[in-house]
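See structure below.
Within every chain, numbering begins at 1; the chains are lettered A, B, ... in the order of the sequence lines, protein sequences first and strands thereafter.
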There are 2 protein chains.
Amino acid sequence: MTEPGSATVDLEIIVQGAQEGKKQELRLWLRMLSTTKLVSQEIRRRLRNEFGATLPQFDLMAQLYRERDGLRLGELSKRTMVTNGNVTGLVERLETDGLVLRVTPDGDRRVTVAKLTEKGETIFGAMAVAHEGWLRDMMADVDPAIVSELWQDIGAVKSSVSNHLSGGDFD
Amino acid sequence: MTEPGSATVDLEIIVQGAQEGKKQELRLWLRMLSTTKLVSQEIRRRLRNEFGATLPQFDLMAQLYRERDGLRLGELSKRTMVTNGNVTGLVERLETDGLVLRVTPDGDRRVTVAKLTEKGETIFGAMAVAHEGWLRDMMADVDPAIVSELWQDIGAVKSSVSNHLSGGDFD
DNA sequence: GGGCGACATTTGAAATGTCAAAGGTTTACG
DNA sequence: CGTAAACCTTTGACATTTCAAATGTCGCCC
């Protein structure tokens, strides 16, 4: 790939920097976005085919699965990065299906707490196992060391982004 | 399950592999997903505030911007990773706003070709410049070398995922 | 030249997504 | 007390999303 006899390595860097080095971030973003879409679509398809569930429902249940005492809707909204109004409908549907339960605690009647039903826990357990397997399969060709490195470096991206938001939100 | 194939590996790796190394892919995926959501939301907010546009509309126009002769809806669907039915409505709204034009070529009346209007090109030009700047800003704290490396390594992930799809789709 | 299979887009139902405004509740302060 | 501010959730209007089924065209083969 690299061309021969370049005693002027500096030149390349300068040229690259001046011409298109500026778009590295854009390029990275586009690739992150398309990759994420690809994986999402695959997971969505499998969740649908094998469990009749949707990805947002899975996400929401995942949060409840590790907080057996349940979570307030606002907290669910933050953790799933889904708007409040959206959580309302999501929980509503899951309640209809008997996977989730809504309770208003005694102390504060403004609050609604959602928690998994026993049925919900059982079903989600199965989904979680399958879900993890799908990801292992999809990333099977990637060197584990790279996987680990990516986790780190994307963390750096995430934290840079967090520090440059116009609204001022956090992880 | 899987047994350690080579006895030459470090103890660390074995330990890691036995304990929680199995979930590395899941961990990476969750981080990719949350980071992508974070960036998407920020871009969405800015597109809305500064241009009154939505992210899918921006994506679609981006494709048309570099194909001045226009693209068939099916091709748009593939490139934006948006379903056919979705493209229909998207283009419909953009046409209403006078940003996009729909034409049926003479040769084949099954086909609809969408292309940017002059107004569409002007407006998108401005959005593209801003968009690139937003990304540079958001990733400002990330070492350029890391940005480049991430682009490469995520490419490896993408291609692994592509090779392990149940449906069998490609980039 | 009629019809069948392949192709391209649209439609329709249901779910998810955003934002802004409205609805109750609680808290705090004068 | 009693009202205003703060908090939590829901609602409503719209845009986007997916899937499956319908619609419309083209190509080809007999």
B:Arg48 side-chain N/O to C:dT18 phosphate OP1/OP2 under 4.0 Å
no

**Item:** Salt bridge A:Lys115-A:Glu67, side-chain N to carboxylate O under 4.0 Å
**Value:** no

When rounded to whole Å, the CG to C1' distance for the pair B:Leu90 and C:dG17 reads 14 Å

Rounded to whole Å, the CG-P distance (B:Asp108 to C:dA8) equals 8 Å

Q.
Applying a 4.0 Å non-hydrogen cut-off, can you work out what A:Val87 is touching in the nucleic acid: base, sugar-phosphate, or nothing?
A. nothing

| query | Do the numbers put A:Arg48 on top of the ring of A:Phe51, so that NZ or CZ is under 6.0 Å from the six-membered ring centre and no more than 45° off the axis? | reply | no

Here the distance between atom P of D:dC19 and atom CG of A:Leu55, to the nearest Å, is 12 Å

Atom CG of B:Leu73 and atom C1' of C:dA8 are separated, to the nearest Å, by 8 Å

Base, sugar-phosphate, or nothing for B:Gly74, non-hydrogen atoms under 4.0 angstrom? sugar-phosphate

Of the listed D:dT17, C:dT9, D:dT9, the closest approach to the B:Pro56 side chain comes from D:dT17

ask   = Does a side-chain N or O from A:Asn86 land closer than 4.0 Å to OP1 or OP2 of C:dG17, or not?
value = yes

Would you call B:Arg45 and B:Glu42 a salt bridge, using N to O less than 4.0 angstrom? yes

OP1, OP2 of D:dT18 versus side-chain N and O of B:Thr83: anything below 4.0 Å?
-> yes

- Message: D:dC7, OP1 or OP2 - any side-chain N/O from A:Arg109 closer than 4.0 Å?
- Response: no

Taken to the nearest whole Å, CE/B:Met81 to P/D:dC19 is 12 Å

Is the shortest side-chain N/O distance from B:Thr88 to OP1 or OP2 of C:dT9 below 4.0 Å?
no

query: When you check the side-chain N and O atoms of A:Arg44 and A:Gln41, is any donor under 3.5 Å from an acceptor?
result: no

The nucleotide from C:dA6, D:dC7, D:dT9 with an atom nearest the side chain of A:Arg110 is D:dC7

Against the side chain of A:Glu92, the closest entry in D:dT11, C:dC19, D:dT9 is D:dT11

Here the distance between atom P of D:dC26 and atom CG of B:Asp106, to the nearest Å, is 11 Å

Nearest-nucleotide check on DNA chain D, B:Gly107 vs B:Gly89; residue mapping nearer the 5' end is B:Gly89

note: A:Arg44, atom CZ; D:dT18, atom P; distance rounded to Å ~ 6 Å

Taking only side-chain N and O atoms of B:Gln57, does any of them lie within less than 4.0 angstrom of OP1 or OP2 on D:dA15? no

Checklist entry - Base, sugar-phosphate, or nothing for A:Thr112, non-hydrogen atoms under 4.0 angstrom? => result sugar-phosphate

>> With a 4.0 Å cut-off on N to O distance, would you call A:Arg102 and A:Glu95 a salt bridge?
In response: yes

(Q) Any heavy-atom pair between the side chains of A:Leu76 and A:Leu73 that's under 4.5 Å? (A) yes

Here the distance between atom P of D:dT18 and atom CG of A:Leu47, to the nearest Å, is 15 Å

